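What follows is a short report on a single structure.
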Amino acid sequence: MSGNYFVQPIGQISVEELAQRLKTDTPHLQLLDVREPQEVEIASIEGFVNLPLSKHDKWAQQIHENLDPHVETLVLCHHGIRSAHMCQWLISQGFTEVKNIVGGIDAYSQNIDRSIPQY
């Protein structure tokens, strides 16, 4: 993923708010998980589409075909770093409602659903 875009403020969402939104708003959300497939096998949240950041060159060209840039998009990774990079890139591609999930799946596992394994 190239860094030739300006850093802009990223919206954030807590895992507590995510849990609430998953109960009520799932049809109105785009849910992206940017972790590696082997990480998703260990721990995942239902409804998230896996677009590994490391495979950016494989899926980047189709991003507007596969996702609506005007639908709220929530981005997940392990702790929130890779998802923040993805949020920045999505914003640079014209996505208007992007939020980083603070603390990632690790925080979700600790605070919301302890049945999700930690790694």
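Every heavy atom of this structure was used, including side-chain atoms; hydrogens, water molecules and symmetry mates were not. The shown structure was predicted, so the numbers you read here are calculated from the model rather than taken from an experiment. Along the sequence shown, residues are numbered consecutively beginning with 1.
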CZ (Arg21) and CD (Glu16) are apart, to the nearest 0.5 Å, by 14.0 Å

Take atom CD in Glu46; do more than 12 heavy atoms of anything else shown fall under 6.0 Å from it?
no

CZ (Arg82) and CZ (Arg35) are apart, to the nearest 0.5 Å, by 7.5 Å

Over all atoms of both residues, closest heavy-atom pair of Trp59 and Pro52:
NE1-O, 2.9 Å

Would Leu51 and Ile63 count as a side chain to side chain contact (heavy atoms under 4.5 Å, CB included) if you check the C-alpha gap in whole Å, the side-chain angles of each, and the deciding distance to 0.1 Å?
CA-CA 10 Å; Leu51 293 177; Ile63 199 72; 4.1 Å; yes

Just by distance, do the side chain of Asn100 and the backbone of Val102 share a donor-acceptor pair under 3.5 Å?
no

Provide the closest heavy-atom pair for Cys87 versus Ile10 in the form atom of the first, atom of the second, distance.
CB-CG2, 3.6 Å

Against Gln30, only a single residue in Val71, Val98, Leu90 fulfils side-chain contact (heavy atoms from CB on, under 4.5 Å); can you say which?
Val71

Check: Asn50 main-chain N/O paired with Asp33 side-chain donor or acceptor under 3.5 Å:
no

If you measure from CZ on Phe48 to CD1 on Ile101, what distance do you get to the nearest 0.5 Å?
4.0 Å

In terms of hydrophobic clusters joined by side-chain contacts under 4.5 Å, are Leu32 and Ile13 together?
no

Flag the pair Leu67 / Val49 as yes when at least one side-chain heavy-atom distance between them is below 4.5 Å, and no otherwise.
no

Say whether, by atom type as modelled, one donor and one acceptor occur between the side chain of Thr24 and the main chain of Gln20 under 3.5 angstrom.
yes

Distance check, rounded to the nearest 0.5 Å: Arg114 atom CZ versus Gln118 atom CD?
7.0 Å

Taking every non-hydrogen atom, the tightest pair across Leu22 and Tyr108:
CD1-OH, 3.8 Å

Shared hydrophobic cluster, Val40 / Ile116 (ILVMFWY, side-chain heavy atoms < 4.5 Å):
no

Same cluster or not: Val75 versus Leu18, using hydrophobic residues (I, L, V, M, F, W, Y) connected whenever any side-chain heavy atoms lie under 4.5 Å apart?
no

Would you name the heavy atoms of Trp89 and His56 that are closest together and state the gap between them?
CE2-NE2, 3.1 Å

Residues that Phe95 engages under ring-ring contact (aromatic ring centres under 6.0 Å, His included), provided they are two or more places apart
His64

Let me confirm one number: the CG-CE distance from Leu76 to Met86, rounded to the nearest 0.5 Å.
11.5 Å

Just verifying a value: how many Å separate Ile45 CD1 and Asp113 CG, rounded to the nearest 0.5 Å?
8.0 Å

Counting only heavy atoms from other residues, nucleotides and ligands, does the tally under 6.0 Å from CD1 of Ile42 exceed 12?
yes

Can you name the closest pair of heavy atoms from Glu39 and Tyr119 and give their distance?
OE2-OH, 2.8 Å

So which atom in Lys99 and which in Gln12 form the shortest heavy-atom distance, rounded to 0.1 Å?
CD-O, 4.0 Å

Step through the shown structure and confirm whether more than 12 heavy atoms of other residues, nucleotides or ligands are within 6.0 Å of CD on Gln61.
no

Answer yes if Leu29 and Val34 sit in the same cluster of Ile, Leu, Val, Met, Phe, Trp and Tyr residues linked by side chain heavy atoms under 4.5 Å apart, and no otherwise.
no

Taking the side chain as every heavy atom from C-beta outward, state whether Glu36 and Ser54 have any atom pair closer than 4.5 Å.
yes

